[in-house]
Amino acid sequence: QVQLVESGGGLVQAGGSLRLSCAASGGSFSNYPMGWFRQVPGKEREFVAAISGSGGSTYYSDSVKGRFTISRGNAKNTVYLQMNSLNPEDTAVYYCAAARAALVIPRALSMVGSWGQGTQVTVSS
């Protein structure tokens with residue numbers, strides 16, 4: 001399965017911005033659709049954003065639409081999550097995810113085949 005490594009998390013004040021990066025490796029698996037999920041202690045892991053293998057289609061949860069942008073690098077083996085207008089409700093561990101199959105968009109837990117280790121995002125008020 002594809003291997004994923006996230007980076008870019010940190011502490012930011014409300015209203016600020018962060019950009020998360022996810023590097024994928026594993027041959028053809030790196031071109032699978034990818035996404036971002038987030039989780040806080042005691043809560044279910046929730047969908048944030050996803051992008052098709054080509055980068056031509058993007059998907060967002062209602063809570064982040066208009067504030068976050070998912071994109072792929074030119075080589076298609078890196079995915080980014082630009083997070084703007086952050087608020088304390090965005091505080092979570094953010095996980096990069098690769099789809100379980102090439103034609104699956106990872107917008108739900110059951111659609112994910114591989115996870116990154118997670119990166120902490122903390123938004124202070």
Side-chain angles (χ1 to χ4, degrees):
Q1 59 185 14
V2 64
Q3 297 176 326
L4 307 172
V5 179
E6 305 100 328
S7 62
L11 175 64
V12 65
Q13 292 185 331
S17 299
L18 284 174
R19 187 174 75 167
L20 306 183
S21 299
C22 176
S25 63
S28 61
F29 295 109
S30 65
N31 300 121
Y32 273 31
M34 297 174 66
W36 290 93
F37 290 72
R38 65 188 182 186
Q39 187 171 29
V40 299
K43 301 293 184 181
E44 66 180 359
R45 190 170 298 186
E46 68 173 351
F47 167 74
V48 175
I51 189 166
S52 62
S54 67
S57 298
T58 58
Y59 309 83
Y60 299 94
S61 68
D62 291 340
S63 62
V64 308
K65 192 171 185 179
R67 300 187 298 121
F68 292 10
T69 303
I70 189 171
S71 61
R72 302 190 79 122
N74 291 335
K76 302 296 191 293
N77 64 343
T78 304
V79 66
Y80 304 96
L81 185 68
Q82 178 66 47
M83 305 185 293
N84 298 327
S85 301
L86 287 163
N87 57 60
E89 296 79 64
D90 297 315
T91 295
V93 176
Y94 283 70
Y95 296 90
C96 183
R100 61 176 173 81
L103 299 180
V104 173
I105 304 298
R107 296 180 292 170
L109 298 178
S110 63
M111 301 175 183
V112 175
S114 299
W115 296 100
Q117 83 286 350
T119 185
Q120 177 71 47
V121 171
T122 302
V123 184
S124 65
S125 60

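Computed from a prediction, not measured in an experiment: that's the story for all the values here.
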Can you tell me if Gln117 has over 12 outside heavy atoms packed within less than 6.0 Å of its CD?
yes
Let's go through Met83 and Val64 carefully: what are the C-alpha distance in whole Å and the side-chain angles of both, what is the deciding distance for side-chain contact (heavy atoms from CB on, under 4.5 Å) to 0.1 Å, and is it a yes or a no?
CA-CA 9 Å; Met83 305 185 293; Val64 308; over 6 Å; no
For [X] and [Y], work out which heavy atoms get closest and say how close.
X      : Y      : answer
Pro33  : Arg72  : CA-NH1, 4.0 Å
Cys96  : Val79  : SG-CG1, 3.8 Å
Ser125 : Ala14  : CA-CB, 4.5 Å
Tyr60  : Ile70  : OH-N, 2.9 Å
Leu4   : Trp115 : CD1-C, 4.0 Å
Ser110 : Arg100 : O-NE, 3.2 Å

Let me confirm one number: the [atom1]-[atom2] distance from [X] to [Y], rounded to the nearest 0.5 Å.
X      : Y     : atom1 : atom2 : value
Thr58  : Lys65 : OG1   : NZ    : 8.5 Å
Thr119 : Leu18 : OG1   : CG    : 9.0 Å
Asn77  : Tyr32 : CG    : OH    : 15.5 Å

So Phe68 and Tyr94, would you call those rings parallel, tilted or perpendicular, with 30° and 60° as cut-offs?
tilted
Would you say Ile105 and Phe37 are hydrophobically clustered, going by side-chain heavy atoms of ILVMFWY under 4.5 Å?
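Same cluster: Ile105 reaches Phe37 through Ile, Leu, Val, Met, Phe, Trp or Tyr contacts under 4.5 Å.
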For a 4.5 angstrom cut-off between non-hydrogen side-chain atoms, does [X] reach [Y]?
X      : Y      : answer
Tyr95  : Val112 : no
Ser61  : Arg38  : no
Leu109 : Phe47  : no
Thr91  : Gln120 : yes

Please check this pair: side chain of [X] against backbone of [Y], looking for a donor-acceptor N/O pair closer than 3.5 Å.
X     : Y      : value
Ser52 : Ser57  : yes
Glu6  : Gly118 : yes
Thr78 : Ala23  : no

Going through the distances and angles, do Met34 and Cys22 end up as a side-chain contact (heavy atoms from CB on, under 4.5 Å)?
CA-CA 9 Å; Met34 297 174 66; Cys22 176; 3.7 Å; yes
